[in-house]
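What follows is a set of notes on a single structure, which appears directly below.
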Number of protein chains: 2
Amino acid sequence: MNEPTAPGRVGDVRRRNLSLVLDSIAKTVDAKPSRAQLAAGTGLTKAAVSSLVADLVESGLVSEVGLYRDGERGRPGQGLELNSRRGVVGMEINVDYLAVGLVDLAGNLRFHSAVESRNRGMPPAKVMEQLAGLAAEAKAAAVAEGIAILGGGLAVPGLVDEKSNVVLSAPNLHWESEQLNPTSLLEGAPLGVKLSNEANSAALGELWYGGGKPDFLYVSGEVGVGGGVIIGSELYIGPGGSAGELGHIVVHPEGPECSCGGFGCLETFAGQEAIFEAAGIAGGTLGERTGMLLAALRTQEPKATQAVSDAGRYLGVALASAARLMDIEAVVLGGHFAVLGGWLKPSLLASLERYAPGLLAPENLTISRLEHSGTLLGAAGQVIRSVIESPFEFLLASKLA
Amino acid sequence: MNEPTAPGRVGDVRRRNLSLVLDSIAKTVDAKPSRAQLAAGTGLTKAAVSSLVADLVESGLVSEVGLYRDGERGRPGQGLELNSRRGVVGMEINVDYLAVGLVDLAGNLRFHSAVESRNRGMPPAKVMEQLAGLAAEAKAAAVAEGIAILGGGLAVPGLVDEKSNVVLSAPNLHWESEQLNPTSLLEGAPLGVKLSNEANSAALGELWYGGGKPDFLYVSGEVGVGGGVIIGSELYIGPGGSAGELGHIVVHPEGPECSCGGFGCLETFAGQEAIFEAAGIAGGTLGERTGMLLAALRTQEPKATQAVSDAGRYLGVALASAARLMDIEAVVLGGHFAVLGGWLKPSLLASLERYAPGLLAPENLTISRLEHSGTLLGAAGQVIRSVIESPFEFLLASKLA
DNA sequence: CCAATTAGTTTTCAATCTGAACTATATGGG
DNA sequence: CCCATATAGTTCAGATTGAAAACTAATTGG
């Protein structure tokens, strides 16, 4: 009724095992496993692994990196790793800036570039044009480093339809039902460009390239308060694709009206604008206002400390509810909340302890260290991940070419 | 890192296809598909379906039910259906009653029995003893109807460890870390007895045997306020197995202290006890108090209508948060909330519209019609479902026997 | 320099699906 | 009554794939 549940064919076994072997290689970062180690790790026979690895090497996804002697005696193994001469471009459109990065299959950020850009209210075509300039830089970097670009990921701060490349709504950009053509940013990349949501991408970036526990809630404090839910090392997006809207959890039933039309949403207490306003900070670019807020916090200006403490308290209420509802055991703070982390944490932890005592251990509340590259890494990572999960399709395509 | 991700073997294809065919037969209730129709429906060839069905019939899971002529000409097909001479016993321990039911593979409730029983504070052994009497009734009914019992499911109002048959905690029963031996209730049943959570089972019962949309939140108003989250036709239990704790969402940060140690939880506003207290109803059994409340509502006694209206309002706050966070599009009210449904719905809908305007269409807020058999059906259904999802294991077992 | 040890390949075999040919059983028109 | 047509279901050769075991390759230490 839901998935059409395709029949199992004999060939599916190979699809699955190709992915299993590739994933094992990907997981074993720094270790460069041999075929024999992969056989032991996966439960497959050496014969099967040899055959599978041959296909993966031929397609260019995996490369052999010299010999590897581990034990005392015996023939040394051939080290295997994800080919670092294949890469994916991660891109991000946000309210105040644009950014690109080049990530190789092994997960190294090989190039990074960002520009400030006031995108709120700007027509999508204009923004895409500017982004194309950054993408060209990434392409040039790839050529310089000898990296073949397989595809790209583009994160935007809004709800997207990944299949049709439509931004369904991005209120903070004032976009609604905007058809983008992200694939044109990377002409010729075999896997094209995948559109995704900013908070979700950041959560995935944190999972794959940051402090990646298998289950956690990522809290994204950009202009809005967003979230990304990771369960069992997978992104939970919900039936309609818009799960994780932490910013519109009701934290006070008598609270003020929110831009979403509801009342008492977390965003009205802990959104960037709300914090700036409560701290009495106005005017200037986002960067300037953030600087002013941090300066005020450093001098312990009462209005500023109170504003951040209040935000932490209400964030604690929201997280208590979220943790109880979804059985979440760890939280990672990103974006604005990462910047304010140190000032936010005390009131946040106190609030969590008040509203959900014993549920979330303080050491499970962490601050993202990926800073602004998390979203990029996540956007690119989704494409890398799709190859790791279905290498068979990639093999087919590369055989045709 | 999380699942050990077993390697794909050639034989896995058959496992999957056995399940695919069995599931197709199960989904096609009333239609009794032929092998040819299954082939068309699944995408497998007739040859493969014939071979798979042969195994399923031999194991007793599927039975052939006479000829079936559909078109104008041609040889008629052999109708196939889940064997209604195989059944599973669903059992429920709750605070105020015990219940059992016999469910055949096709999902028909063939026998049902319940007794009132004050189980709060009762030692588990005593409760299990009484339940054994009910289980014996179900076994006798199975013999009378010629049904072979494959296994059973036992739902309890608390957090359970399904692997070790331990009730980790059931605060409303005053149980903590209680080792049960549910399998002894159905001596000789090849699949044993599976322990599960009451709210989750009720949600699954609603999914499989009620108004089963693929995505919804089931709200269980028993003594506590629980919930079960169904996403993509599967139960979401979270990393620790305790997701869906709707009762401890914070609906008012200045609310009273809750039994969980937190403050302002939904349960303190909309739990059974809270409603009775606010309505000024005390004394007597649960059934008597419920009767008094319904009577007071019918005569529009102000305290009672106000109590229920308040409960609905706060339930709306919790559902608004839950719907935003998990992207939930439909809600089913069960238990106490189903009983109060008509009186609760107006304030609940108004509150939802205030706190999350436009998110949940009124027609997607429904009241369960399964009444007290929902939990039973879900508990038994989990065992039936496990057979449908891995018939290969069942085939193996039945070949050995 | 050879025994021991470990890595990786080749070969044979069994499981399982597909596809095509074949058998089985019904309807309806001449 | 009988045969063309149509549909259901079975049988059998062919292809894919991993398991198991035998084999080849490469390295170390005595």
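Below, chain A is the first sequence line, B the second, and so on; all start at residue 1.
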| query | For B:Y209, which residues count as a ring pair (Phe, Tyr, Trp, His ring centres under 6.0 Å) partner, sequence neighbours excluded? | reply |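 Partners of B:Y209 by the ring pair (Phe, Tyr, Trp, His ring centres under 6.0 Å) criterion come out as none, since no residue qualifies.
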| query | Looking at A:S24 and A:T28, what are the two nearest heavy atoms and their distance? | reply |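 Minimum heavy-atom separation between A:S24 and A:T28: O-OG1, 2.5 Å.
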| task | Would you name the heavy atoms of B:I388 and B:A26 that are closest together and state the gap between them? | result |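 B:I388 and B:A26 have their closest heavy atoms at CD1-CB, 3.8 Å.
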| query | Hey, mind stepping through B:E64 and B:R35 against salt bridge (Lys or Arg N to Asp or Glu O under 4.0 Å) and telling me if it holds? | reply | CA-CA 10 Å; B:E64 294 191 319; B:R35 289 166 177 78; 2.6 Å; yes
Nearest-Å distance for atom pair [atom1]/[atom2], residues [X] and [N]:
| X | N | atom1 | atom2 | answer |
| --- | --- | --- | --- | --- |
| A:R35 | C:dT10 | CZ | P | 11 Å |
| B:R73 | D:dC2 | CZ | C1' | 14 Å |
| A:Q78 | D:dT24 | CD | P | 21 Å |
| A:L80 | C:dG8 | CG | C1' | 11 Å |
| A:E64 | D:dA26 | CD | P | 13 Å |
| A:L38 | D:dG18 | CG | C1' | 16 Å |

| Under 4.0 Å protein heavy-atom contact, by nucleotide of nucleotides 12-25 of chain C - B base, S sugar-phosphate only | ---BBSBB----BB
| With A:E329, which residues qualify under salt bridge (Lys or Arg N to Asp or Glu O under 4.0 Å), at least two apart? | none
| request: Taking only the side-chain nitrogens and oxygens of B:S34, find out if one of them lies under 4.0 Å from OP1 or OP2 of D:dG9. | output: yes
| request: Verify salt bridge (Lys or Arg N to Asp or Glu O under 4.0 Å) between B:D12 and B:R9, making sure each step is shown before the conclusion. | output: CA-CA 5 Å; B:D12 294 347; B:R9 308 268 158 75; over 6 Å; no
